[in-house]
Amino acid sequence: AVPFVAGTYVSDASAQATTPPLPAGGERVVQTCSTFDCGGKCDIRAHVKDGVVTRISTRPDADLDEHMPIMRACVRGRGYRRFVYNADRLKYPMKRVGRRGEGRFERITWDEATTLIAAQMKRIGETYGPGARFVHNNTAVSGGAFSGHTMVKRLLNLTGGHLEYYHSVSMGNTAAITPYTYGTAATGNSLDTLLDSKLIILWGHNPTETIFGHLNHYLQRAKDKGIRIVVVDPRYSDTVAAYADEWVPLLPTTDNALMDAMAYVIVSEGLQDQKFLDTYCIGFDEVHMPEGVPPGESWKSYLLGEKDGTPKTPDWAERITRVPAATIRHLAREYAVAKPAALIQGWGPQRHVCGERTARGGSVLPALTGNVGIRGGWACGYGGIGNRKFPASPDMLANPVKGKINITTWTEAVEDASQITPTTGLRGAEKLDADIRMIFCLAGNYMANQNPDINATVKLLEDERKVEFIVCSDLYFTPSARYADVLLPETSFMERWNLGATWGSGNYFVLSEKLVEPPFECRSDYEWLAEVARKLGVEQAFTLGRSEKDWIAALVEDTRKAMPSEGVPTFEELLVRRVHKFAGSESYVAFEKQIRDPENNKFSTPSGKIEIFSKRLYDMKNPAIPAVPRYVPSPEGPSDPLAARYPLQFITWKGKNRANSTMFVSPWMKQVQQQRLWINPLDAEPRGIHQGDPVRVFNDRGITVVPAEVTPRIIPGVVALQSAAWWAPDRDGIDRGGCANVLTSRRRTPLNGNSHQTNLVEVRKA
Amino acid sequence: MGNQLGFFIDSARCSGCKACQVACKDKNELDDTRLFRRVTEVHGGGFVPTGTGGYTQDVFAYTLSISCNHCADPICVRNCPTGAMYKRAEDGVVAVDTKRCIGCGYCAWSCPYGAPQMNKATGQMSKCDFCSDLLARGEPPVCVGACPLGAIEYGPIEELRARHSTLAQVNGLPNPAVTRPNLVVRAHAGSKKEGRPHA
């Protein structure tokens, strides 16, 4: 089981180059990182002895660099060995026997597997056109610069192209809408500036569990400094427990009502930063409106109820949000006067059907209070940090297929691609030439498990007349892998080369070295893709003659060339240093120039100003995405008539013990947090539900049966499951795994985004 | 015992992430069930309707990361019929002598902190030994070095008490009079309220 490309990696020369001197019994300690879809990229040190990782350690106190603090490994990082060394790993290439989805496979050789894949790529490309070939969304080994989901695109593009998708199901809604306010989604400051805040409001943000870059370092410092921290969240998350001076629970999808009422309090009490609004913004009041808009459309008019007769008072919002009016008043006043104050939005609230409205609602509050462009403030919305730098990525080459779909429409592209038009988010083409006939599901478990409405999705996948060939690679037999025609055993990050960078914050990258040989017949995606390339006659163009390690060295070199002044190490130097912290990552404040010198620095919006009123949204004439952010009741929100049948709102959270669905099967991680339905005693009691009782959570889309966690840590009217548990249907199709996506909906947001969080359910004792 | 070692846990800082718990499993090669260090949650409070559509609430939750407290009066040592469970003279660490342990389980039954745990593979007791091997190399116990928020400290207990306090019990922990644990706790604000311990 020696990988066919990797054989030469462990030569004496390379072992010497990568071995820092270490005395204890031939053990070497190597700083590395996972390359999962995890925002941390924390300090993981693998102890390797005799070709085996014997334990994990992390950064000692003395190694903390205050200029670029890298977090110590979180609970997931500490558990990596149990993930890598596990008898349940996929061991051999397999092909499906029996019906698709039935779960029956037989072992084949790598030669058979790659021959099959090459033949199907060719046949499907020739029969239906290259646009029938699709690479699915990636929710796992996509946190590295070099992964299968990237390289398969290179191979597809070398052989005619493939159907591409856009949109991030993690944060695509806020990324799409934030530029309507600021002209860019990069609205965040470097995190050291938070220590100048007087108030930090984390709105639907749970970095303690999600591990959002190195935010936890700064929140901890902020707490030590006595900076007040408020967390707005339907759930008393671990972030509330760790940092919050105050928890403000609200009903999901009602965030805009709370924002509206905060703005109402600020405006009606004259606490707004009027000079800031007059200088930098458009749309706050009737005298600062774009051309061609009738009167009464400004934010102020809306808040005061001048057109609809409903002032957006705290009493109005209390009935919608469940947040007491008195709490709304004090939160609004505090945010208005505690200058500078940082209101930071997480990505959970924008994963709703109203996600764009919620993100936009948050993005205008800092303008109202003058907290944009200053240290200690925060412009909100998406919150990308503008001075972030990343290592180079491999070139995927030009894709001859021009049409790009929103990932939320991939099931339509399977069913009948002619349904997909520019109105439903098709880009680069007026129509698609082919239905999806071939899927590569590499680097993730999205295809079935993380896709909303699993029951509908798998029906589609089961139909062999639609998608004719599915290739999956994974470490484990995931619910998505169940639908593979060819199933390949991937390597873990300890068994292959990569570069990892955070997606949250933190301006550095880490070498993820191949530490041990892959077990059994596991191969990294690149290795089998190279074999497929050979069989398709494009091996040299695909590999450029490079091994996986060569590619990583080349990416480091590309990074050096792209950023000559950054002091990026050579690959040889990186083998010693392990981490590169980008220079010039000192304090950064978004929009500092625009605020300091507005005459010469415009915002990149049509008006050149912060657009509280967006003419672009106004012209869409879609009441679900109004020109001025405002509360609009959501389908499957608390006021939907459907609530008569399904009275509980159902949401998910990203838990501490896995990155999406990765590590779900690790017994250590299951021990950390059991999959249970969080339900408030006020909802549990009338249903006769006690702690630990198995309960049936259901709506028209599906049923899951899980134990109940009766806890005050969630607002009444709302129940929640940790996201991305593995779907485990019984014979009757009832999920026994606590998988949220049997309940979630494929409904799309106004800008065609996903809405995993917006669901109504009922709960009964099972 | 002047060199008695102890732990300090900052429950006001702990987020309940359980990195300590898993780091301990990893370093000590524990099977899937045993936990030498365990993180438990205490929560309480609730929601009351305002009568005007909303809810007021006084919810709180906090976590306690507890291992063996290497007690001054270790009931596990007292109850061990073979003398296998002993308190080390030089640093007060409570350890198991596997040459003597017969796996009767009396220690586990008597310990109010659940520290001694059966190693099913050997049929003998096992427990936190303060990472004696790491201490010998001048490194902190793995849990201390693992905490991403720096919420666990270790050292001579008198130093920890001088630096922090003598508090060894908050709601969710047993009465310290039973075993006199070498533990110092910084209380979470919620621990002053009436909470329910919860796994």
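Convention: sequence-line order gives letters A, B, ...; per-chain numbering from 1.
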Novice: Which one wins on heavy-atom pair count under 4.5 Å against chain B: A/Ile56, A/Thr208, A/Thr239?
Specialist: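 Among the listed options, the one with the most contacts to chain B is A/Ile56.
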Novice: Which bit of A/Lys670 is near chain B, if near means a heavy-atom gap under 4.5 Å: side chain, backbone, both or neither?
Specialist: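 For A/Lys670, no heavy atom lies under 4.5 Å from chain B.
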Novice: Enter the distance from B/Glu139:CD to A/Ser57:OG here, rounded to the nearest 0.5 Å.
Specialist: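 OG of A/Ser57 is found 7.5 Å from CD of B/Glu139.
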Novice: Does any heavy atom of chain B fall under 4.5 Å from the side chain of A/Asn657, the backbone, both, or neither of them?
Specialist: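 Contact with chain B is absent: no heavy atom of A/Asn657 under 4.5 Å.
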Novice: Do other residues, nucleotides or ligands put more than 12 heavy atoms under 6.0 Å from the NE2 atom of A/His330?
Specialist: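 Yes.
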Novice: So what's closer than 4.5 Å to chain B heavy atoms on A/Asp224: side chain, backbone, both or neither?
Specialist: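 Side chain of A/Asp224 only, per the 4.5 Å heavy-atom cut-off to chain B.
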Novice: Check A/Lys223 against B/Ala12 and note the closest heavy-atom contact, atom names and distance.
Specialist: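 So the two residues come closest at NZ-O, 2.6 Å.
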Novice: Would you please go through residues 46-72 of chain B and name the residues with a non-hydrogen atom below 4.5 Å from one of chain A, in numerical order?
Specialist: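 If one takes a 4.5 Å heavy-atom cut-off, the residues of residues 46-72 of chain B near chain A are B/Gly46, B/Phe47, B/Thr50, B/Thr52, B/Gly53, B/Gly54, B/Tyr55, B/Thr56, B/Gln57, B/Val59, B/Phe60, B/Ala61.
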Novice: List the atom of A/Trp668, the atom of B/Val22, and the distance in Å for their closest heavy-atom pair.
Specialist: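 Taking every non-hydrogen atom into account, CE3-CG1, 3.8 Å.
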Novice: Just jot down the side-chain contact (heavy atoms from CB on, under 4.5 Å) partners of B/Ala19, sequence neighbours excluded, or say none.
Specialist: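 Here the qualifying residues are A/Val75, A/Arg78, B/Cys17, B/Pro148.
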Novice: What residues of residues 109-124 of chain B sit under 4.5 Å from chain A when only non-hydrogen atoms are counted?
Specialist: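 Residues of residues 109-124 of chain B touching chain A at under 4.5 Å: none.
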Novice: Would you check if B/Val142 and A/Arg55 make a side-chain contact, meaning some heavy-atom pair closer than 4.5 Å?
Specialist: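 B/Val142 reaches A/Arg55 side chain to side chain.
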Novice: Answer with side chain, backbone, both or neither: which region of A/Thr327 has an atom nearer than 4.5 Å to a non-hydrogen atom of chain B?
Specialist: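 Neither part; nothing is under 4.5 Å.
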Novice: Is A/Gln691 close to chain B through its backbone or its side chain, or both, or neither, when contacts mean heavy atoms under 4.5 Å?
Specialist: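 For A/Gln691, the side chain is the part near chain B, not the backbone.
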Novice: Under a 3.5 Å cutoff, is there a donor and acceptor pairing between the side chains of B/Lys25 and A/Gln671?
Specialist: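 B/Lys25 vs A/Gln671: donor-acceptor pair found between side chains.
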Novice: Are any of the side-chain nitrogens in B/Asp32 or A/Arg82 under 4.0 Å away from the carboxylate oxygens of its partner?
Specialist: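 Salt bridge present between B/Asp32 and A/Arg82.
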Novice: Within residues 159-186 of chain B, which positions have a heavy-atom distance to chain A below 4.5 Å?
Specialist: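 Those residues of residues 159-186 of chain B which would need a heavy atom under 4.5 Å from chain A do not exist here.
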